[in-house]
Amino acid sequence: MLDKFKPEHVNWRHYFGGLAFIMIILQLATGLFLIFFYEPTLADAYKTVQRISNEIYGGGLIRNLHRWIPGLLFIAVLVHTIRCFLRKDFSNQQKRVLWLTGVLLLLPLFLLIATGLIIPWEWKGYWFMEMVPNYFGTVPIIGPQLKSFFMDTYTIPRYYALHILVFPLITFVLADYHLLVKVRKRGIFRYLLKHTIAALPFLILLFYLAVTVQIPSADPQEAPMPLEGANILAPEWYFLIVLLPFMYLKNSPWIPFISIFAPLLVLFVAAFMPYYLKGSKGSEAESYEGHHRAAGIRLVWHKLLRNNLVRKIATGIVVALITLFFAGLIYVGSYNSPTFGCNSCHNISKGERLGIPPQFFKDRSKIPLLNDNEWMMRHWYYPNEVW
Ligand code: HEC
C-alpha cells in the first residue's frame with residue numbers, strides 16, 4: 001500500500017531528505033508572498049509585519065507557516081544527517097560530493113534563520129542583532145575589528161538582501177549539486193508530487209501548528225504574559241545554545257572556543273570527511289557480508305539483522321534516539337526562552353522607551369547594558385527578574 005506512493009528510484013531512506021526539500025520549497029513560496037508586504041526599514045519593518053499578520057488576507061497563516069517551517073526543516077535535516085551518518089555515506093567515495101554539499105548546506109540554512117530572526121525588527125530581532133557584534137567581539141585578536149564591522153555595516157535592507165537573495169542563492173547552488181541534478185533527470189514535478197504526498201502527515205502538522213500556535217503581533221490589546229510560550233520551539237533556539245556560555249562563563253577565554261570555533265570546526269571536519277577517510281567503494285551489503293562471519297549468538301543476531309524488517313525497526317529506533325538526544329539538548333538549552341513574552345513589556349502602550357526597538361541602534365553609549373552579554377542572556381531567559 002505504502003509502496004504505491006514511494007517515489008520512484010527513491011528509497012524510503014531518503015524520506016527525510018525529500019521532506020527537507022519540500023520544506024525549502026514551501027519556505028520559498030511563503031517568503032515570496034511576504035516580500036510583497038514587508039518594508040525593510042528601521043521605522044516600518046515591524047509595522048508591516050503586524051499588518052501582514054492582522055490585516056492582509058491569509059497573511060497571518062503565511063507568516064506563521066514561514067516561522068514554523070524552519071522547525072520542521074531542522075528536524076528533517078537532523079534525521080536525514082543521522083541516517084546518512086549511520087549508513088557511513090562519508091566513506092563512500094562515489095557519494096563524496098553529496099556528503100560535502102549536504103553538510104555545507106547547513107551553513108546558509110543557519111544564516112537564513114539568523115537573518116530571518118532579525119529582520120522583523122521587533123524586540124527579539126533587535127536583541128538578536130545587538131548580540132551579534134558582542135558575540136564576534138570575543139574572537140581573539142581580530143575580535144574588536146569583527147565587532148565594529150557588524151556594528152558599522154548593519155542596516156535592515158542589507159540583511160534583507162542577504163535573506164532573500166544571497167543566502168537563498170547559495171542554498172540553491174549547493175542544493176543543485178546535492179540533489180537537483182539527479183532530480184531533474186528523473187522529472188522534477190514528478191519528484192515533488194510524490195514527495196509531497198509522502199510528506200502529507202508533516203504538512204498537516206505544519207498547518208495545524210501555524211493555525212493554532214501563532215506569534216502574537218496585535219499589541220497592546222493581546223499582550224501575553226512575560227514567560228508565555230516558553231516551551232514553544234522558535235528559530236532563535238538554535239542560536240541560544242551557542243550563546244549559553246555567555247550566561248554561565250563570564251569573561252572566560254573559553255567562550256569563543258565553545259560558542260564559535262568548536263561548532264565551526266565540527267562543521268568543517270564533518271564536511272570533508274570523505275576526502276580524508278578513504279573508505280570502501282563497495283556497496284553496503286557487501287561490506288556487511290564481509291564483516292560479519294561470527295559464530296554463536298552473534299550469528300543469530302546477524303541473521304536477525306539481515307532480516308529487512310527487523311533491521312529497519314532497529315535502525316529506526318537508533319535514529320529516533322539520536323534525534324531525540326540532539327533535539328533534547330536544544331530543548332533543554334532553550335526551554336525558558338519566552339517565544340511570545342517580549343511583547344508583554346515591550347509594547348507601545350508602555351511608552352516610547354519600551355515600545356518599539358529604538359531608532360538609535362548601534363548607539364551603545366545610550367544603553368550601556370547592550371555591551372553586557374550576560375545581562376542580555378539573563379534578560380532573555382528571565383525577563384521578569386532581570387531588566
Ligand atoms: C517583564 C518585562 C519585560 C519583558 C518580558 C522583556 N523585557 Fe526587555 N526590558 C524590560 C525593561 C524594563 C527594560 C529597560 C531597561 C532600561 O530601561 O534600561 C528592558 C530592556 C531591554 C533591552 C535593552 C534596550 C533598551 O532599550 O533598554 C532589550 C534589547 C530587551 N529588553 C529585549 C527583550 C527581549 C528580546 C525580550 C523577550 C525575550 C524582553 N526584552 C522581554 C522589560 C522586559
Side-chain angles (χ1 to χ4, degrees), residues 42-43 45-47 49-50 53 63-64 67 70-71 113-138 147 150-151 154-156 159 213-248 330-387:
L42 275 183
Y46 190 52
K47 274 184 214 150
V49 170
Q50 284 181 309
S53 289
R63 180 188 174 213
N64 282 283
R67 265 193 80 106
I113 297 180
T115 45
L117 179 53
I118 293 165
I119 56 176
W121 210 243
E122 23 66 292
W123 275 86
K124 274 201 193 163
Y126 168 71
W127 177 92
F128 191 77
M129 189 54 221
E130 287 287 4
M131 281 298 277
V132 171
N134 293 5
Y135 180 59
F136 286 99
T138 60
K147 183 169 177 167
F150 282 103
M151 303 265 296
Y154 174 75
T155 63
I156 293 187
Y159 277 39
V213 191
Q214 300 209 345
I215 292 299
S217 41
D219 58 14
Q221 296 91 336
E222 292 167 33
M225 299 298 282
L227 287 179
E228 203 171 306
N231 298 318
I232 291 174
L233 177 75
E236 60 268 18
W237 281 23
Y238 313 116
F239 297 96
L240 290 178
I241 279 283
V242 286
L243 290 175
L244 272 183
F246 284 122
M247 191 147 109
Y248 297 111
I330 291 191
Y331 183 79
V332 169
S334 313
Y335 74 104
N336 258 337
S337 156
T339 301
F340 300 155
C342 309
N343 247 10
S344 64
C345 304
H346 292 286
N347 70 60
I348 203 75
S349 71
K350 302 276 162 70
E352 264 301 293
R353 175 95 169 94
L354 277 178
I356 37 174
Q359 296 286 337
F360 40 83
F361 173 73
K362 304 172 198 180
D363 191 349
R364 288 169 182 235
S365 57
K366 287 191 187 148
I367 312 172
L369 278 174
L370 294 180
N371 263 328
D372 182 349
N373 286 304
E374 210 202 357
W375 177 84
M376 296 210 78
M377 287 303 289
R378 293 197 182 283
H379 183 59
W380 181 292
Y381 278 98
Y382 316 108
N384 43 351
E385 291 167 24
V386 179
W387 62 68

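Model, not experiment: these values are computed from the prediction. Just so you know, these numbers use all the heavy atoms, side chains as well, and skip hydrogens, waters and symmetry mates. Note that ligands are numbered from 1 as they come in the structure, with each ligand's atoms numbered from 1 the same way.
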Test log, rule side-chain contact (heavy atoms from CB on, under 4.5 Å), inputs Leu369 and Met376: CA-CA 8 Å; Leu369 278 174; Met376 296 210 78; over 6 Å; no

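Gly137 approaches Lys147 most closely through the heavy-atom pair CA-CB, 4.0 Å. The two residues Ile215 and Thr339 come nearest to each other via the heavy atoms CD1-CG2, 3.9 Å.
Residue contact check: Gly341 has heavy atoms under 4.0 Å from atoms 5 (C) of ligand 1. The contact set between ligand 1 and Tyr126, taken as ligand atoms under 4.0 Å from a residue heavy atom, comprises 29 (C). Taking every heavy atom of Trp375 and a limit of under 4.0 angstrom, the matching atoms of ligand 1 come to 20 (C), 21 (C), 22 (C), 23 (C). Listed by atom number, the atoms of ligand 1 under 4.0 Å from Ser344 heavy atoms are 5 (C). Against a heavy-atom cut-off of under 4.0 Å, Met376 is close to the following atoms of ligand 1: 29 (C). Close approach of ligand 1 to Cys345 (heavy-atom distance below 4.0 Å) involves ligand atoms 1 (C), 2 (C), 3 (C), 4 (C), 5 (C), 42 (C), 43 (C).
Taking a 4.0 Å cut-off on heavy atoms, Leu354 registers as neighbouring ligand 1. Not a single heavy atom of Tyr381 lies less than 4.0 angstrom from ligand 1.
If you look at Glu130 next to ligand 1, there are no close heavy atoms at all, none under 4.0 Å.
Aromatic ring pairs are classed by plane angle as parallel below 30°, tilted from 30° to 60° and perpendicular above 60°; the pair Phe136 and Phe150 is parallel. The aromatic rings of His379 and Trp375 sit parallel to each other, their planes meeting at less than 30°, with 60° as the upper class boundary.
Residues satisfying the side chain to side chain contact (heavy atoms under 4.5 Å, CB included) criterion with Ile330, sequence neighbours excluded, are Phe74, Trp237, Tyr238, Ile241.
Remark: aromatic rings of Trp127 and Phe239 are distant, center separation not under 6.0 Å.
Close N/O approach between His379 and ligand 1 is found [any backbone or side-chain N/O within under 3.5 Å]. For the pair His346 and ligand 1, the shortest N or O to N or O distance falls below 3.5 Å.
The only member of Glu236, Met129, Arg67 that meets side-chain contact (heavy atoms from CB on, under 4.5 Å) when paired with Leu117 is Glu236.
Proximity annotation for atom 22 (C) of ligand 1: of Trp387, Trp123, Trp127, Trp123 comes nearest, heavy atoms only. Among Ala230, Pro338, Cys342, the residue whose heavy atom lies nearest to atom 36 (C) of ligand 1 is Cys342.
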